[in-house]
Asks: 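For reference, the structure I am asking about is given below.
Sequence lines set the chain letters: A, B, ... in the order given, protein chains first and strands last, and positions in each chain run from 1.
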Amino acid sequence: MEYDFKEIEDKWQKKWQADRIYEVTEDASKKKYYCLEMLPYPSGKIHMGHVRNYSIGDVISRFKKMTGYNVLHPIGWDALGLPAENAAIEHGIHPAQWTWTNIDTMNKQLHRLGFSYCWEREIATCSPEYYRWNQWIFLKMYEKGLAYKQKSLVNWCPKCKTVLANEQVEDGSCWRCSTTVSVSKLEQWFFKITDYAERLLNDMNQLTKWPEKVLIMQKNWIGKSSGSTVIFQVENSPHRIEIFTTRIDTIFGATFLIIAPEHPLVNEFISIEPDYEVLKQKVDELRLQAWKNRYTEEYDKEGLFLRRYAINPFNQEKIPIWVGNFVLMEYGTGAIMAVPAHDQRDFEFAQKYNLFIKTVIKPSPQEDTTIADNNAFTDYGILINSNEFSNLASHEAIDRMNHHAQINGFGSHTISYKLKDWGISRQRYWGTPIPILYCDACGIVPVPEKDLPVVLPENVTFTGTGPSPLEQAEEFITATCPKCGNKAKRETDTMDTFVDSSWYFLRYISPHYSNGPFEKSKVSYWMPVDIYIGGIEHAIMHLIYFRFFAKVMVDLGLIDHVEPAPFLLTQGMVIKDGAKMSKSLGNVVDPEELVNTYGADSLRLWMLFAAPPEKDMEWGDKGIEGCYKFLLRIWRIIIPHLDNLKKAPADYDVTSLSIHEKELVKKLHQTIERVTKDINERLHFNTAISSLMELLNTMSYCLHEGIQSPSFWSVMKEVCNKYLIMLSVFAPHIAEELWELMANEGLIFHQEWITYNPDLAKEDIIPIAIQINGKFRTTIDVPSGSTEEVIKNTAIENTVISRHLGDKNIRKIIYVHQKLMNFIIDK
RNA sequence: GCGAAAGUGGCGGAACCUGGUAGACGCGCUGGACUUAGGAUCCAGUGCUGUAAAGCAUGGGGGUUCAAGUCCCCCCUUUCGCACCA
């Protein structure tokens with residue numbers, strides 16, 4: 001009988017599905033375990049990254065199930081978004097059709113890989129039953145003031161007359177028509193994530209089981225910094241400019257102010273100038289530069305003098321006001337004080353425009369500041385030229401100056417964050433319609449809850465140019481104002497798909513519930529997620545939004561846990577030829593072909609064996625063959641001996657075993673210990689699998705040695721059955737088949753995980769490493785538990801050791817219990 | 001530039017926690033067995049130098065220690081993330 005993986009995998013997949021073995025419900029008598037993998041985008045076909053992600057999740061799910069947990073292991077589809085719309089434009093397929101076809105294909109592929117998903121809970125975010133709850137959450141957030149509308153900049157292609165996503169801009173040009181991209185200002189919807197900046201930061205304390213690097217990245221992204229705001233009065237004007245600085249100690253060295261091109265005062269100042277048009281053009285240029293260059297390498301700092309002066313409130317000095325292309329409106333207050341002597345960017349700007357440079361910090365009381373090699377002195381130091389603050393150290397000065405500004409009413413200590421509010425508006429079709437109406441009489445009116453969902457119209461055309469398809473869908477736009485009954489216009493923006501993926505894990509818990517996004521009682525049973533597995537590339541955006549949503553939902557009284565997933569496992573990328581697999585590089589390996597050639601079990605095994613989960617995995621074409629051979633060897637060790645194995649009595653007397661049988665039993669128990677630990681504690685499946693390979697080698701050796709006493713087949717029977725249980729979490733199909741062939745009752749899936757006996761795992765003879773003067777020379781074998789004295793004597797008698805010792809004087813002996821002995825001798 | 005992680009045979013990777021036999025397991029390679037044949041299977045070997053004894057080896061250089069892949073300092077390289085953040 002040959003190992004026919006096709007037949008075996010097909011047989012068991014059908015059986016599992018027919019028996020609905022992966023279905024779960026809440027069971028208060030059992031500990032729950034929620035194993036969650038990141039929501040996949042249905043791009044068309046499963047790729048290696050998916051296989052890796054889900055193979056990891058499947059081992060954990062199966063293991064937890066076998067160790068007595070009630071395991072929730074769901075899957076679904078992140079089914080809205082740009083690619084479907086692109087497909088519609090290019091191939092004339094409706095986004096819905098394209099998406100559902102892809103989901104169907106990928107669903108089948110996942111089935112063929114034999115993952116233990118609870119398919120009854122499968123969700124697709126593009127179904128109105130799902131996205132209606134995006135709309136519901138939006139309305140709740142709107143009520144709380146967490147959703148608001150504001151003008152902001154977008155990429156705009158003047159030829160296609162359409163808004164472009166960042167990824168649709170290639171080298172500053174439109175990806176379709178190569179026209180240079182310009183910027184445009186649009187009213188857009190935002191979520192007020194900045195209100196949660198401090199909590200997002202603080203609650204990281206709870207994330208002790210997240211990778212350190214993800215936490216650091218999020219921390220930098222939130223970018224909390226402590227500084228000061230200071231108000232400068234504009235000379236001969238009622239206007240004031242508020243600036244933000246982290247270095248108020250350098251304020252006596254402020255020789256000019258720079259404000260962002262979008263700053264409202266810019267227009268205020270230039271609008272009354274005679275050459276307004278020229279100035280306006282220059283400012284627009286600066287703004288464009290600032291926007292376009294935000295994703296590029298460093299560029300020249302440019303600016304324009306606004307012909308106004310501001311008064312430094314600390315020394316009443318009059319300093320010029322400039323507009324600059326490197327000051328961002330969305331960070332701080334959109335205005336800075338420029339201290340060229342102590343800030344590199346300000347320094348470069350001052351040099352370019354010949355502005356005054358004044359030194360106010362020196363490194364130490366002994367040294368003077370020198371501006372060498374065109375570098376500003378940006379370290380902290382001792383203040384000079386700063387009136388009553390002179391001779392103070394920077395840190396002391398910062399406190400005193402903050403206080404000074406505060407009591408005189410022109411500033412204060414301020415905390416600032418880099419984190420910006422989350423812009424959720426998309427001028428696209430294939431997204432969740434934002435449930436808002438515009439009424440001439442009542443203004444912005446939210447769609448009443450009872451009218452949800454606002455469903456996407458089906459009959460639309462996709463051209464890739466002009467306004468969003470929704471804006472052209474007359475019957476969609478036309479609505480009635482729920483307040484006054486007059487005609488109203490429907491919002492045509494749809495939501496960012498990160499909204500969908502911010503709460504989907506809650507929908508899995510009660511996927512068909514229609515009275516709310518989820519059933520609270522069930523949520524309190526399953527939440528929080530016990531392990532969240534996904535790619536490191538989602539370290540920031542998705543994982544911040546996801547944490548933000550949980551906090552909002554806690555505030556809305558919907559859930560209890562402010563951190564939805566206290567344990568995060570970030571898997572590395574699958575690399576081939578030193579680069580991430582991608583279509584453009586042409587180094588993609590198709591999992592489906594591998595399943596056809598080697599079977600799902602082999603593929604999954606190789607994904608797990610090649611590297612530990614958190615590391616990038618180098619794809620090697622030959623590796624999977626090794627895994628296939630490994631399964632084949634298991635098959636060939638059991639199948640020819642099925643009769644013997646089945647006939648053999650289950651019990652045997654441990655004390656009367658032969659040496660080889662004892663060896664085999666010992667190896668079995670050692671393997672159980674290692675595999676259990678590797679899966680449960682270390683999550684290093686590569687070493688767990690290698691232990692199984694070692695045990696197989698021992699089994700193979702014992703069989704070949706042909707030492708088959710009466711108890712031999714009983715021992716082998718136990719080893720094989722326990723082997724299959726361990727194997728089943730990695731290669732479930734072959735394990736299930738062999739389990740059945742061994743005439744065992746029930747599915748292996750329903751078996752309990754096995755435990756090991758420490759007494760049986762113990763070695764009788766152990767090797768002790770012998771060093772001389774710290775240098776390893778040889779090992780000696782001694783009975784386990786031998787005393788130091790016995791080990792010493794055995795070592796001295798050893799030929800290698802005695803040769804090195806000669807008649808030299810042993811000064812000292814260092815002994816590490818049951819491990820090592822180091823003889824320190826005279827040279 | 002800033003932040004983070006990582007550098008171990010021809011290759012993927014072991015050596016965890018706690019400094020204590022570096023190279024588990026697999027791939028590849030070499031030899032052998034069985035075969036009409038083998039790109040199947042099984043067995044053996046495989047870090048480098050050396051007949052051996054032994055010596056040298058964990059990116060490079062220092063240090064701590066009886067003992068360092070592991071701890072400390074400096075440098076180099078690679079990957080990832082961020083990028084004018086006032």
Asks: Does the side chain of A/His538 reach to within under 4.5 Å of the side chain of A/Met38, using non-hydrogen atoms?
Replies: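 The answer is yes, as the side chains (C-beta and beyond) meet within the 4.5 Å cut-off.
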Asks: Any chance you could measure A/Leu695, atom CG, to A/Ser691, atom OG, to the nearest 0.5 Å?
Replies: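 If we round to the nearest 0.5 Å, A/Leu695:CG and A/Ser691:OG are 9.0 Å apart.
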Asks: Would you mind telling me which residue lines up with the more 5' stretch of RNA chain B, A/Ile336 or A/Met693, judged by nearest nucleotide?
Replies: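 Of the two residues, A/Met693 wins.
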Asks: Have a look at A/Glu694 and say if it touches a base, only the backbone sugar-phosphate, or nothing, with a 4.0 Å heavy-atom cut-off.
Replies: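 The residue A/Glu694 makes sugar-phosphate contact but no base contact.
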Asks: Does B/A86 have OP1 or OP2 sitting under 4.0 Å from an N or O in the side chain of A/Ser225?
Replies: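 For A/Ser225, the contact criterion (side-chain N or O under 4.0 Å from OP1 or OP2 of B/A86) is met.
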Asks: Anything under 3.5 Å between a donor and an acceptor, one on a side chain of residues 805-812 of chain A, the other on a protein residue two or more places apart or in another chain? List them.
Replies:
from: A/Asn809; atom 1: ND2; to: A/Asp826; atom 2: OD2; distance (Å): 3.3
from: A/Arg811; atom 1: NH1; to: A/Asp826; atom 2: OD1; distance (Å): 3.0

Asks: Flag the pair A/Phe630 / A/Leu605 as yes when at least one side-chain heavy-atom distance between them is below 4.5 Å, and no otherwise.
Replies: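 SC-SC contact between A/Phe630 and A/Leu605 confirmed.
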Asks: Could you work out which one of B/G26, B/A86, B/A24 sits closest to the side chain of A/Arg345?
Replies: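 Among B/G26, B/A86, B/A24, the one nearest the side chain of A/Arg345 is B/A86.
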Asks: Are A/Trp422 and A/Phe190 near enough that their ring centres are under 6.0 Å apart?
Replies: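 No; A/Phe190 has its ring centre 6.0 Å or more from that of A/Trp422.
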Asks: Can you tell me how far C1' in B/A44 sits from the matching atom in B/U77, rounded to whole Å?
Replies: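 The answer is 39 Å between these two C1' atoms.
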Asks: Given atom NZ of A/Lys622 and atom P of B/C25, what is their separation to the nearest angstrom?
Replies: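 In whole Å, B/C25 P lies 21 Å from A/Lys622 NZ.
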Asks: Distances for protein N/O vs nucleotides 51-54 of chain B N/O pairs under 3.5 angstrom?
Replies:
from: B/A53; atom 1: O3'; to: A/Arg803; atom 2: NH2; distance (Å): 3.0
from: B/A54; atom 1: OP1; to: A/Arg803; atom 2: NH2; distance (Å): 2.5

Asks: Are A/Tyr353 and A/Trp322, when compared by the centres of their aromatic rings, separated by less than 6.0 Å?
Replies: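 That pair passes the under 6.0 Å test.
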Asks: Between A/Glu2 and A/Arg636, is there a salt bridge with N-O shorter than 4.0 Å?
Replies: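 Salt bridge: yes.
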Asks: Roughly, in whole Å, what's the span from CD in A/Glu348 to P in B/A86?
Replies: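 It is 16 Å, rounded to the nearest whole Å.
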Asks: Looking only at atom C1', what distance separates B/U58 and B/G39, rounded to whole Å?
Replies: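 It comes out at 35 Å once rounded to the nearest Å.
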Asks: Distance between the C1' atoms of B/U51 and B/A67, in whole angstroms?
Replies: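 Nearest-Å result for B/U51 against B/A67 at atom C1': 32 Å.
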Asks: Taking atom C1' in both B/C73 and B/C27, what distance in whole Å separates the two?
Replies: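 Each nucleotide's C1' atom is 39 Å from the other's.
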Asks: How far, in whole Å, is B/C74 from B/C82 if one measures between their P atoms?
Replies: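 Straight-line distance between the two P atoms is 28 Å.
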Asks: Return the polar atom pairs (N/O with N/O) between nucleotides 37-46 of chain B and the protein under 3.5 Å, or none.
Replies:
none

Asks: Can you tell me, in whole Å, how much space there is between the C1' of B/G61 and that of B/C66?
Replies: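 Per the computed distance, 24 Å lies between those C1' atoms.
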Asks: Calculate the interatomic distance between A/Ile216 atom CD1 and B/A6 atom P; express it in whole Å.
Replies: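 In whole Å, B/A6 P and A/Ile216 CD1 are 11 Å from each other.
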Asks: Looking across every strand, which nucleic acid part, if any, lies under 4.0 Å from A/Thr245 by heavy atom: base, sugar-phosphate, or nothing?
Replies: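 The residue A/Thr245 makes sugar-phosphate contact but no base contact.
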Asks: In whole Å, measure the gap between the C1' atoms of B/G23 and B/G28 for me.
Replies: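 Nearest-Å result for B/G23 against B/G28 at atom C1': 16 Å.
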Asks: Please determine whether a side-chain nitrogen of the Lys or Arg among A/Glu317 and A/Lys358 lies less than 4.0 Å from a carboxylate oxygen of the Asp or Glu.
Replies: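 Here A/Glu317 pairs with A/Lys358 in a salt bridge, since their nearest N and O are under 4.0 Å apart.
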Asks: Tell me the interatomic distance from A/Tyr331, atom OH, to B/C82, atom P, rounded to whole angstroms.
Replies: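 Distance check: A/Tyr331 OH to B/C82 P gives 18 Å.
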Asks: In whole angstrom, give the distance that lies between atom CH2 of A/Trp221 and atom P of B/C80.
Replies: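 That distance rounds to 18 Å.
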Asks: Taking atom types as modelled, is there a side-chain donor on A/Arg247 or A/Ser228 under 3.5 Å from an acceptor on the other?
Replies: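 Absent: no donor and acceptor within the cut-off.
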Asks: What integer number of Å spans the C1' atoms of B/U64 and B/U70?
Replies: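 Roughly 14 Å separates the two C1' atoms.
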Asks: Angle between ring planes, A/Trp606 versus A/Trp619, binned at 30° and 60°: parallel, tilted or perpendicular?
Replies: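 Taking A/Trp619 first and then A/Trp606, their aromatic rings stand perpendicular (interplane angle over 60°).
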Asks: Rounded to whole Å, please give me the gap between CG in A/Asp781 and C1' in B/U21.
Replies: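 Atom-to-atom, A/Asp781 to B/U21, this comes out as 12 Å.
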Asks: Please determine whether a side-chain nitrogen or oxygen atom of A/Tyr417 lies at a distance below 4.0 Å from atom OP1 or OP2 of B/C85.
Replies: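 So the side chain of A/Tyr417 is outside the cut-off, no N or O lying under 4.0 Å from OP1 or OP2 of B/C85.
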Asks: Using a cut-off of 4.0 Å between protein heavy atoms and nucleotide atoms, how would you tag nucleotides 8-18 of chain B 5' to 3' with B, S and -?
Replies: ----BSSSB--
Asks: Per the ring pair (Phe, Tyr, Trp, His ring centres under 6.0 Å) rule, which among A/Tyr598, A/Trp635, A/Phe609 passes with A/Tyr628?
Replies: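 It is A/Tyr598, the one option of A/Tyr598, A/Trp635, A/Phe609 that forms the ring pair (Phe, Tyr, Trp, His ring centres under 6.0 Å) with A/Tyr628.
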Asks: Please state how far atom CG in A/Asp343 lies from atom P in B/G1, giving the value in whole angstrom units.
Replies: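 To the nearest whole Å, that distance equals 18 Å.
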Asks: How would you label the contact of A/Ile770 with the nucleic acid (heavy atoms, under 4.0 Å): base, sugar-phosphate, or nothing?
Replies: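 Nothing, no heavy atom under 4.0 Å.
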Asks: Taking any heavy-atom pair under 4.0 Å as a contact, classify A/Asn697: base, sugar-phosphate, or nothing.
Replies: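 Contact class for A/Asn697: sugar-phosphate only.
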Asks: Decide whether a cation-pi geometry holds between A/Lys224 and A/Tyr417; the criteria are a distance under 6.0 Å from NZ or CZ to the six-membered ring centre and an angle within 45° of the ring axis.
Replies: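 A/Lys224 over A/Tyr417 ring: no.
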Asks: Within the 4.0 Å heavy-atom criterion, would you say A/Leu820 contacts the bases, only the backbone, or no part of the nucleic acid?
Replies: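 Touches a base.
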Asks: To the nearest 0.5 Å, what is the distance between CZ on A/Phe256 and CD1 on A/Ile336?
Replies: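 Atom-to-atom, A/Phe256:CZ and A/Ile336:CD1 are 7.5 Å apart.
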Asks: Hey, can you tell me if A/Phe546 and A/His542 have their rings parallel, tilted or perpendicular (30° and 60° cut-offs)?
Replies: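 Rings of A/Phe546 and A/His542: tilted, 30 to 60°.
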Asks: Using a cut-off of 4.0 Å on non-hydrogen atoms, how would the nucleic acid contact of A/Val339 be classed: base, sugar-phosphate, or nothing?
Replies: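 Touches nothing.
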Asks: Roughly, in whole Å, what's the span from CD1 in A/Ile536 to C1' in B/A6?
Replies: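 Answer to the nearest Å: 13 Å.
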Asks: State whether A/Glu694 and A/Lys667 are salt-bridged, where the test is any N-O pair (Lys NZ or Arg NE/NH1/NH2 against Asp/Glu carboxylate O) under 4.0 Å.
Replies: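 Salt bridge: yes.
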Asks: Does B/C85 have OP1 or OP2 under 4.0 Å away from a side-chain N or O of A/Asn220?
Replies: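 Answer is no, no contact under 4.0 Å.
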Asks: State the dot-bracket string of RNA chain B. Criteria: Watson-Crick or G-U wobble, both atom distances under 3.5 angstrom; notation: ( ) intrastrand, [ ] crossing earlier pairs, | interstrand, . unpaired.
Replies: (((((((..(((.......[....)))((((((.......))))))(((....)))..(((((..]....))))))))))))....
Asks: Sorted by first residue and then second, give each side-chain hydrogen bond (donor to acceptor under 3.5 Å, both in side chains) pair with at least one member in residues 763-777 of chain A; sequence neighbours left out.
Replies: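 For residues 763-777 of chain A: A/Lys666-A/Glu763, A/Gln670-A/Glu763, A/Gln771-A/Asn822, A/Arg777-A/His804.
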Asks: Is there side-chain contact between A/Arg633 and A/Asn697, with at least one heavy-atom pair below 4.5 Å?
Replies: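 Of all side-chain heavy-atom pairs linking A/Asn697 with A/Arg633, at least one is under 4.5 Å.
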Asks: Closest approach to the side chain of A/Met217, judged atom by atom: which nucleotide of B/U21, B/C82, B/G81 is it?
Replies: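 Closest nucleotide among those given: B/G81.
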Asks: Pick base, sugar-phosphate or nothing for A/Ile814, based on heavy-atom distances below 4.0 Å to the nucleic acid.
Replies: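 Base contact - A/Ile814 has a heavy atom under 4.0 Å of at least one base atom.
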Asks: Which is more 5' along RNA chain B, the nucleotide nearest A/Thr333 or the one nearest A/Val816? Just name the residue.
Replies: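 Here A/Val816 is the residue nearer the 5' end.
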